[in-house]
2 protein chains.
Amino acid sequence: MAAPTRRQPTILTVAEHAGVSRMTVSRVLSGGKNVRPELVERVHASVAALGYRRNEQARSLRPGQRSGLIGMAITNVANPYYGEFVLGADEVVSGSGRGLLIGSTSEDEDKERLLIADFIGRQVEGLIVVPTGARRHLLPAALGGVPLVLASRAVAGVRADTVLVADVQASYDQVSALIAAGHRRIGFLGTMTSVFTGQRRYEGFRLAHEDAGLELDEDLVLVGQQDVESAKAAMESLLAREDPPTAVFCANNRNAIGAVRALLGTSRRKRGARPTALVSFDNFELADVLGIPVTIIDHDARDLGRQAASMLIARLDGADEGLPQTVELPTRTLDYGGTQI
Amino acid sequence: MAAPTRRQPTILTVAEHAGVSRMTVSRVLSGGKNVRPELVERVHASVAALGYRRNEQARSLRPGQRSGLIGMAITNVANPYYGEFVLGADEVVSGSGRGLLIGSTSEDEDKERLLIADFIGRQVEGLIVVPTGARRHLLPAALGGVPLVLASRAVAGVRADTVLVADVQASYDQVSALIAAGHRRIGFLGTMTSVFTGQRRYEGFRLAHEDAGLELDEDLVLVGQQDVESAKAAMESLLAREDPPTAVFCANNRNAIGAVRALLGTSRRKRGARPTALVSFDNFELADVLGIPVTIIDHDARDLGRQAASMLIARLDGADEGLPQTVELPTRTLDYGGTQI
DNA sequence: CTGAAAGCGCTTACAG
DNA sequence: CTGAAAGCGCTTACAG
């Protein structure tokens, strides 16, 4: 038998059942201050008997009340990464007594715009967005004063609290380490150049060359790979060159896994006497047991979610009323022999 | 400068700006039927000028209106799995014009109860739950008629639409294949025995032995491993036996990855002349390149999310008013030499 | 085609 | 300590 959609009891139902006014019920529900203990008792009994649950939508309609909702727009790359990100944000959001309304943009600017409009219509108190890059619907005028935190990526011209990973610094450090270890021809496998993190990681790559006085060979830079298959093909094309790179920097783990697959599918003779060293921005499971020298630039996606949510909650609770801030989360290096030559 | 939290325009603000009544604005907002074209024009102009956005909370307060919210409670195992699950559900839910309210229970029954109470207070139209196993707060009386879909796991005594993976059948098939290939001592690495999927996968394991007339050695059954570290330790203890198993069935990918790590960390001499064959329930990346014979029982977590959401939406839209249904999603086998001996 | 009235479920003053 | 009145932003009849 399908569950009957019977009418939910309201505050009036409870009031009548308990023989008091709606106000008394309301008072009991919000703590029971200034109510005779006997009535508190009676109201609680009625609430239990009727299975009453306060309608939060009606409650939040009153001025000064908050919806208790945070809108979160993520990009849904084919990457387990964002699951962790959501969980971290949820920790903080639910800890503040609020709920997380979530939607995916699939890197589509129109979807992002519609999703944010929908969130605002639903009276979210704040927004956490992994932005596609479009600017207009993130401007204060479009948001109608709803606080915004950007995560993973910044958007030029949008002044908002932002949590980033130390993309440039970490990439710079690891590429510099490769150069210091003697590598002179270093490949780059990256995502679409329009992606903020991709640009930043390439910037670190480029700066490391510049500061070492090493000329960067643009022929070894392959971008636009968004999945493992295309990354594998890109790596194979690098390996097939007359003078292949001795190390490859992978700007995300999709590219790193593609690179690993290409290396494992290429005979040792073909890929040279020495193994090609890899650096992967983003961790991936089993990286340490592949027998391929790889250095991982790791960061905690869950912590990214926590930080973004914390910044937002601080704004909502008035704990932070200063200028928009940008926080860069540090990375951690896991070395499985990647910088050797 | 922090974004000013100015008062949002209401339908009345728009009405005054356009020089019409609130009703006319309301009509225009809901399609513009029976309104003079000129007024439709004027209202749209005012909406744009004021940046007005309809308050969905107020709208849904009216009887007969729906909140447009679906509550989703997941368990947040340390597994990328659930990110995919959420994304699949979101596809369907947002496709129906609704939004996904999400929370994590961390396998905690109390958190689940509170989360569901919160969802109901927020007037969700329906619930998708990966249940911890507690029964009471999932009964129709507790839900007040809000439709429920269980995902991944069933709960004894709770009659609700349920989407499962074909745990028993797939496990049975793969263990039977191991036995047919000549394996006589097969290990089992599993999660907590309280977990529904763990029980089901063990049941398939047991039935395969029974039907083959092969006695199951309880000593080779190790359960309770919830992460890679403990799984690795469990596998090591299996390998250290005098008469180690020739194959091991892993009830989820955490256990499989632990097993892989144990095998790769054990010298070939110690682990015998032939490699230990593995079966993993759940896929994991790079399984095919490890040089370890492994058979994967794969299923699409995103599809699980889609199915759960579809069943719920069908109930909400009245497309399905029959008895609660249970759907078992099929699995796919990826064979990287796991059944060989 | 248009609007004044009533009410969804709740809470904030205000009055006792 | 308790309650009648008013109103949050919207939409559903009802009347013109």
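All chains are named by letter (A, B, ...) in the order of the sequence lines, taking the proteins before the strands, and each is independently numbered beginning at 1.
A:Asn34 comes within contact range of at least one nucleobase, with a heavy-atom separation under 4.0 Å. At the heavy-atom level, B:Arg59 lies under 4.0 Å from the strands shown only through sugar-phosphate atoms. Here B:Glu56 lies out of heavy-atom contact (under 4.0 Å) with every strand.
If you take CD of A:Gln8 and P of C:dC8, they are 15 Å apart, rounded to a whole angstrom. Computed from coordinates, the A:Arg27 CZ to C:dC10 C1' distance equals 13 Å when rounded to whole Å. Going from atom NZ of B:Lys33 over to atom P of D:dT12 covers 16 Å, rounded to whole Å. The CG atom of B:Leu61 sits 9 Å away from the P atom of C:dC10 (whole-angstrom rounding). Here C:dC10 presents its P atom at 13 Å from CZ of A:Arg53, a figure rounded to the nearest Å. In this structure, B:Leu50 atom CG and D:dG9 atom P are separated by 14 Å, rounded to whole Å. Rounded to whole angstrom, the span from the CZ atom of B:Arg66 across to the C1' atom of D:dC10 amounts to 18 Å. Atom-to-atom, CG of A:Leu12 to P of D:dA4 comes out at 11 Å; the value is rounded to the nearest Å.
Considering only the side chain of B:Met23, C:dA4 comes nearest among C:dA4, D:dT2, D:dC10. The side chain of A:Asn55 approaches C:dG9 more closely than any other nucleotide in the set D:dT12, C:dA4, C:dG9. Among the nucleotides C:dG9, D:dG3, D:dT12, the one closest to the side chain of A:Ser21 is D:dG3.
Of the residues near DNA chain D, A:Arg22 and B:Ser30, the one whose nearest nucleotide (by heavy atom distance) lies more toward the 5' end is A:Arg22. Looking at which nucleotide of DNA chain C each of B:Ala58 and B:Pro37 is closest to, the 5′-most match is held by B:Pro37.
At least one donor-acceptor pair under 3.5 Å links the side chain of B:Gln8 to the backbone N or O of A:Gly144. Here the side chain of B:Asp161 pairs a donor or acceptor atom with the backbone of B:Gln325 at under 3.5 angstrom.
Residues B:Tyr82 and B:Val130 share a closest heavy-atom pair of OH-CG1, 3.6 Å. A:Thr162 and A:Leu164 make their closest contact through CG2-CD2, 3.5 Å (heavy atoms, listed as atom of the first residue, atom of the second, distance).
With a cut-off of 3.5 Å on both pairing distances, the Watson-Crick or G-U wobble partner of D:dC14 is C:dG3.
Between B:Arg122 and A:Glu56 there is no salt bridge, since no side-chain nitrogen of the basic residue lies less than 4.0 Å from a carboxylate oxygen of the acidic one. Salt-bridge annotation for B:Glu38 and B:Arg42: present, with a side-chain N of the basic residue lying under 4.0 Å from a carboxylate O of the acidic one.
Applying the 4.0 Å criterion to OP1 and OP2 of C:dC1, one finds that B:Arg36 has every side-chain N and O outside that range. Applying the 4.0 Å criterion to OP1 and OP2 of D:dT11, one finds that B:Arg54 has a side-chain N or O inside that range. The shortest distance between the side-chain N/O atoms of A:Gln123 and the OP1/OP2 oxygens of D:dG9 is not below 4.0 Å. The side chain of B:Thr24 places an N or O atom within less than 4.0 Å of a non-bridging phosphate oxygen (OP1 or OP2) of C:dG3.
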